[in-house]
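Below, chains carry the letters A, B, ... as their sequence lines are ordered, and counting in each starts from 1.
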2 protein chains.
Amino acid sequence: MTAHTLHDRLVAGIRELILRGELTDGARIPEAALCTRFTVSRTPLREALKALASEGLVTLRPNRGAVVAPLDAPGLAQVFEAKEALERFIGLHAATRADADDLAALEGLHADLAAARDAGTYSEVNAAFHDRLAAAARNAPVQQMYAALQVQVRRARHAINHDPRRMQASLAEHEGIMAALRIRAPLDLAERLARHNAATARAFLAQFDGRA
Amino acid sequence: MTAHTLHDRLVAGIRELILRGELTDGARIPEAALCTRFTVSRTPLREALKALASEGLVTLRPNRGAVVAPLDAPGLAQVFEAKEALERFIGLHAATRADADDLAALEGLHADLAAARDAGTYSEVNAAFHDRLAAAARNAPVQQMYAALQVQVRRARHAINHDPRRMQASLAEHEGIMAALRIRAPLDLAERLARHNAATARAFLAQFDGRA
DNA sequence: CCGGGGTTTTCTGCATTCATTTTTCGGATC
DNA sequence: GATCCGAAAAATGAATGCAGAAAACCCCGG
């Protein structure tokens, strides 16, 4: 966690604060408070905020401070829609490009996922699994874009209640994903990932529509 | 162009310097020089560099300054590969979601493209056309990711010689793209955009392989 | 003529400080 | 009692200053 540069540490730290829900949606981000929190001066902190703004996690209002970028239902729907395009890409290429290490790691994560009890660890392992799969597609820009979208989804997770039945269905979908990956079936894997994404989107948006 | 905040002005300004080729690939970016160039102090300039780093245009080496992010042939190939995924998405959705304003603007840009004489204006109008098409897909994350990838491509443009025959072929492809758009044919538009992207990628990479 | 070591110089990273804008709070007025 | 206005307080935007690291330079030895 503690990177060599303050900048990296701050970017990761603030992102984590938002992901963990300590900084809630639309909340103001007072520079002074975070400075004392991380024991740094405002200069590096402000640099980190600019970077996170470029990443889409925070919104900078000139002369009026930074807020956690609000994410409403239409915005989240767009995130899932965009993610589908990347999921298809990842499925298509990860099926052929994943090496032995990737496969081993994914099998391990898949086992962890099946063993996950509470929704929190399930989400965490799930994110790790999909990130690893994205890495297996061997395309740096896609991997980076995918990670950014995943962050948005993970952020929204705090605003919803997880349905245990959805967890079961998700796990079943993951079984199919692993099966397609094991036999290296690109089209099948792409299709399964796209549908998995769509199903997750439905589950999220059903909960999310009520609020925001 | 000149935004109200110093930050935006600097980000746009430095990005422009890189796109125009004034800051060449892999070149060090001395903070002091840019400070005098833009008549600002180092603080906002450094913030801008962090933002551009998060955007992928510059690389920050701790304690060793910033450099224009080097882009080699494999990297550029990945950019085009990633762009194909987004092109398909854009074609699929722009075909159904483009409104009258979009269509009018795209017809206008298409006419400008056909009228373009030199490679410079062609590239410029071409980028504007594709950005407008991306906007017509009505998906903010995709639009932003697409813009970032376009920047990488535009940056590589300085390193290659444009083949006039490629310009002709490109224009012909654009005719097909407009035709698919006019009749709102999603699958056809997606396929044409993907092939257009692939053809452009081949033209770029053929030139690019020799160097870098 | 080339390479190595130590010093000087430059440059980056961060803290501090100053100016300007926004927000807040108090009081007067209706 | 609510509202509007103004001053105080706080927060942001930007410049400057300072410590430490990297790079450049110079001098010396081989």
Side-chain angles (χ1 to χ4, degrees), chain A residues 1-18 21-71 155, chain B residues 1-18 21-71 155:
Chain A
M1 175 77 80
T2 15
H4 269 85
T5 77
L6 265 190
H7 176 80
D8 292 343
R9 187 162 64 87
L10 286 175
V11 170
I14 299 173
R15 188 191 292 124
E16 201 62 23
L17 283 185
I18 297 176
E22 293 193 38
L23 291 175
T24 62
D25 214 63
R28 276 191 61 173
I29 304 176
E31 296 182 358
L34 288 184
C35 285
T36 61
R37 183 94 152 68
F38 289 103
T39 329
V40 295
S41 99
R42 283 180 50 218
T43 307
L45 187 105
R46 285 173 55 77
E47 290 174 355
L49 285 179
K50 305 273 184 178
L52 288 169
S54 165
E55 197 176 307
L57 258 186
V58 311
T59 302
L60 300 176
R61 302 170 305 173
N63 286 320
R64 299 189 55 198
V67 298
V68 180
L71 188 64
R155 187 153 75 82
Chain B
M1 174 83 77
T2 22
H4 271 82
T5 78
L6 214 42
H7 176 78
D8 292 343
R9 187 162 65 88
L10 286 175
V11 170
I14 299 172
R15 188 191 292 124
E16 200 64 22
L17 283 185
I18 297 176
E22 293 190 37
L23 290 175
T24 63
D25 216 62
R28 277 192 58 174
I29 304 177
E31 296 183 358
L34 288 184
C35 285
T36 62
R37 183 93 153 68
F38 289 103
T39 329
V40 294
S41 101
R42 283 180 49 220
T43 306
L45 187 103
R46 283 173 55 76
E47 291 174 353
L49 286 180
K50 304 275 185 178
L52 287 169
S54 164
E55 198 175 308
L57 259 185
V58 311
T59 302
L60 299 176
R61 302 169 306 173
N63 286 320
R64 298 188 56 200
V67 298
V68 180
L71 188 64
R155 187 153 74 82

So how far is it from Leu45(B) CG to Leu6(B) CG, rounded to the nearest 0.5 Å?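 Interatomic distance, Leu45(B) CG to Leu6(B) CG, rounded to 0.5 Å: 9.5 Å.
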Nearest 0.5 Å please: distance from the CG atom of Leu34(B) over to the CG atom of Leu17(B).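 One finds 7.0 Å between CG of Leu34(B) and CG of Leu17(B).
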Residue closer to the 5' end of DNA chain C, Glu31(B) versus Asn63(A) (nearest nucleotide):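 Its nearest nucleotide being more 5', the pick is Glu31(B).
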On DNA chain C, nearest-nucleotide positions of Gly65(B) versus Pro62(A): which is more 5'?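 Taking each residue's closest nucleotide, the earlier one in sequence belongs to Gly65(B).
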With respect to Glu31(A), which candidate in Lys50(A), Arg42(A), Arg37(A) satisfies the salt bridge (Lys or Arg N to Asp or Glu O under 4.0 Å) definition?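 Of all the options given, the one that passes is Arg42(A).
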One pair to check against side-chain contact (heavy atoms from CB on, under 4.5 Å): Val11(A) and Glu47(A). What are the steps and the verdict? CA-CA 9 Å; Val11(A) 170; Glu47(A) 290 174 355; over 6 Å; no
Residues 56-70 of chain A side chain polar contacts: donor-acceptor under 3.5 Å, at least two apart:
{"from": "Arg61(A)", "atom 1": "NH2", "to": "Arg64(A)", "atom 2": "O", "distance (Å)": "2.8"}

In whole angstrom, give the distance that lies between atom [atom1] of [X] and atom [atom2] of [N].
{"X": "Leu34(A)", "N": "dA11(D)", "atom1": "CG", "atom2": "P", "result": "12 Å"}
{"X": "Leu45(B)", "N": "dA15(D)", "atom1": "CG", "atom2": "C1'", "result": "13 Å"}
{"X": "Leu10(B)", "N": "dA15(D)", "atom1": "CG", "atom2": "C1'", "result": "14 Å"}
{"X": "Arg61(A)", "N": "dG13(D)", "atom1": "CZ", "atom2": "C1'", "result": "15 Å"}
{"X": "Leu60(A)", "N": "dA14(D)", "atom1": "CG", "atom2": "P", "result": "11 Å"}

Between Ala32(A) and Arg64(B), which has a closest nucleotide on DNA chain D that is more 5'?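 It is Ala32(A) whose nearest nucleotide is closer to the 5' end.
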What nucleotide among dT12(D), dA15(D), dA23(D) has an atom nearest to a side-chain atom of Arg28(B)?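 Looking only at side-chain atoms, Arg28(B) lies closest to dA23(D).
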For the pair Thr24(A) (side chain) and Ala27(A) (backbone), establish whether a donor and an acceptor sit closer than 3.5 Å, ignoring hydrogens and angles.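 Side chain of Thr24(A) to backbone of Ala27(A): no pair is present.
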DNA chain C: 5'-most and 3'-most nucleotides touching chain B, 4.0 angstrom heavy-atom criterion: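 Answer, 5' to 3': dC11(C) to dG13(C).
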